[in-house]
Participant: 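I am attaching a structure below and will ask some questions about it afterwards.
Lettering of chains follows the sequences in order, A, B, ..., and the numbering in each one begins at 1. Atoms considered below: every heavy atom in the structure, side chains included; atoms not considered: hydrogens, waters and symmetry mates.
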2 protein chains.
Amino acid sequence: MKSNEYDRRVWKTRQAIHDALSSLMEEKKYSKITIQEIIDRANVGRSTFYSHFATKDELLFSSVEDLLEILNQYIKSYIEHDEENPRLISVVDFFEHIQENSKIMKGLLKSEGGDLFFEKVEAYWNDGIEEYLQSKLPKGKAPKVPIKILSNHISSTLLSLLKWWVKNDMSYTPIQMDQYFRDLIDPCIDSVVSNHSTMD
Amino acid sequence: MKSNEYDRRVWKTRQAIHDALSSLMEEKKYSKITIQEIIDRANVGRSTFYSHFATKDELLFSSVEDLLEILNQYIKSYIEHDEENPRLISVVDFFEHIQENSKIMKGLLKSEGGDLFFEKVEAYWNDGIEEYLQSKLPKGKAPKVPIKILSNHISSTLLSLLKWWVKNDMSYTPIQMDQYFRDLIDPCIDSVVSNHSTMD
DNA sequence: TCATTACTGAACATTTTGTTCGATTTAATT
DNA sequence: AATTAAATCGAACAAAATGTTCAGTAATGA
């Protein structure tokens, strides 16, 4: 018996399909890409594609799964690594990682498929950030802005910064982007956590 | 000769098609809606559809054209109505208008088609806000955060507030949403315009 | 080597898109 | 009310894309 998971053929085929999608996404919007084009470029049979992925969306999610996991980890560590300072910490390494995956990011930005991806990212961040804010909320003191709105604002700000940055050819350094993120967000967080220290 | 623009039939057909799309968008994602379904529900012939709209996207844009125009107008007046106070003014009436069009807004949020719409909205706002910020920028004094990033942040914040609000069944009043918007954004604007007045 | 598994590719059914065109209905105008 | 131009209908097409099936071939792990 073989364990199909480790069959070289499987790996090669999936890789070829992922690469085909990735390269097609540099050229056109996800919604305009057909499965036909994918299998042509990947050089695999029609039935082969369907034996791996049921739909185009499934392929997309499989393609960005790793990236999604990594981005989520950044935010997770970013939120948890927080003993001494009540503010959210650095997103420098986050932006650095985006930089390393700029190709797929650009592809995602062009497509409506990307929106599905970014929604997932944002939802995940949102949960983590809300949990963080809840834990930092002084008891008995209602925040100026509801926690749910604030966490939504923080995650959407990070995401919109990310999108803007990629769309504008990453013309600032990750360190600068981190600073801008803090400039935009820190005052809002100050209104929740009591510690009003001026930073920098 | 007839002037087709004012032919009742034209108006009725287009209305039926728009309504069909609108009602379908309440049920399923835009990308999953077929032209077949639209013409079935609208009760118009296939050729009739194509005599009005070349593609499904064209129909969508036509459907939200009015809404788009109105939203743009709000932001325009919102930016220009700005003699005494250096901050952006009220978005209360903006949220009120969203409330009145909640049906179509909810449909837009469900769909990737909506993303196309929201991108347009955001791009338009962004231009106006950037222009506004440029005009308010004290000469010779560089802002903490680049104007382009800041204007992007403001428009994306308004949009994400709007999305959050609609998704959460508009559980706050437009007045509250206006206040939250200011709470989130005013500190950022303060870093650009010199006038540091505490508000409210 | 050998059994197993994955891939091929062609054939097929289905769905959706988009076009065409003559017949029919509808509305504006006189 | 009659005329006339335009809009709609609907059926018939062609084309493209999706998704399934299956027998034959190739590659792999043991």
Participant: Kindly state whether the ring of B/Tyr172 and the ring of B/Tyr180 have centres lying under 6.0 angstrom apart.
Facilitator: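 Yes.
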
Participant: So which nucleotide from D/dC9, D/dT8, C/dC7 ends up closest to the side chain of B/Val10?
Facilitator: D/dT8

Participant: Could you tell me the separation between the CD atom of B/Glu27 and the NZ atom of B/Lys32, rounded to the nearest 0.5 Å?
Facilitator: 16.0 Å

Participant: CD1 of B/Ile39 versus P of C/dT19: gap in Å, rounded?
Facilitator: 13 Å

Participant: Across nucleotides 15-22 of chain D, 5' to 3', mark each nucleotide with B, S or - according to how protein heavy atoms within less than 4.0 Å reach it.
Facilitator: --SBBBBB

Participant: Rounded to whole angstrom units, what separation is found between the CH2 atom of A/Trp11 and the C1' atom of D/dA27?
Facilitator: 16 Å

Participant: Does either side chain, that of A/Asp183 or that of A/Gln179, offer a donor lying less than 3.5 Å from an acceptor on the other one?
Facilitator: yes

Participant: Could you state the atom-to-atom distance from NZ of A/Lys12 to C1' of C/dT5 in whole Å?
Facilitator: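 The distance from NZ of A/Lys12 to C1' of C/dT5 comes to 15 Å, rounded to the nearest Å.
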
Participant: What's the CZ-C1' distance between B/Phe49 and C/dT16, to the nearest Å?
Facilitator: 12 Å

Participant: Which whole-number value in Å describes the distance from B/Glu58 CD to C/dT17 P?
Facilitator: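 One finds 15 Å between P of C/dT17 and CD of B/Glu58, rounded.
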
Participant: Roughly how many Å is it from CZ in B/Arg14 to C1' in C/dA27, rounded to a whole number?
Facilitator: 17 Å

Participant: Is there a side-chain contact (heavy atoms from CB on, under 4.5 Å) between A/Tyr30 and A/Lys56 once you walk through the steps?
Facilitator: CA-CA 9 Å; A/Tyr30 172 76; A/Lys56 203 175 63 168; 3.7 Å; yes

Participant: Regarding C/dA27, can its base be found pairing with the side chain of B/Arg8 as donor and acceptor, where the two atoms are less than 3.5 Å apart?
Facilitator: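 Per atom types, no contact qualifies.
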
Participant: Could you tell me whether the phosphate oxygens of D/dA7, OP1 or OP2, come under 4.0 Å of any side-chain nitrogen or oxygen in B/Thr48?
Facilitator: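 No.
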
Participant: What distance separates A/Lys163 NZ from B/Glu119 CD, expressed to the nearest 0.5 Å?
Facilitator: 7.5 Å

Participant: Distance check, rounded to the nearest 0.5 Å: A/Leu162 atom CG versus A/Thr157 atom OG1?
Facilitator: 12.0 Å

Participant: Would you indicate, yes or no, if D/dA7 has its OP1 or OP2 atom less than 4.0 angstrom from a side-chain nitrogen or oxygen of B/His52?
Facilitator: no

Participant: Nearest to the side chain of B/Arg9, which nucleotide is it out of D/dA6, D/dC9, C/dC7?
Facilitator: D/dA6

Participant: Whole-Å distance between C/dA28 P and B/Asp7 CG?
Facilitator: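 These atoms are roughly 5 Å apart.
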
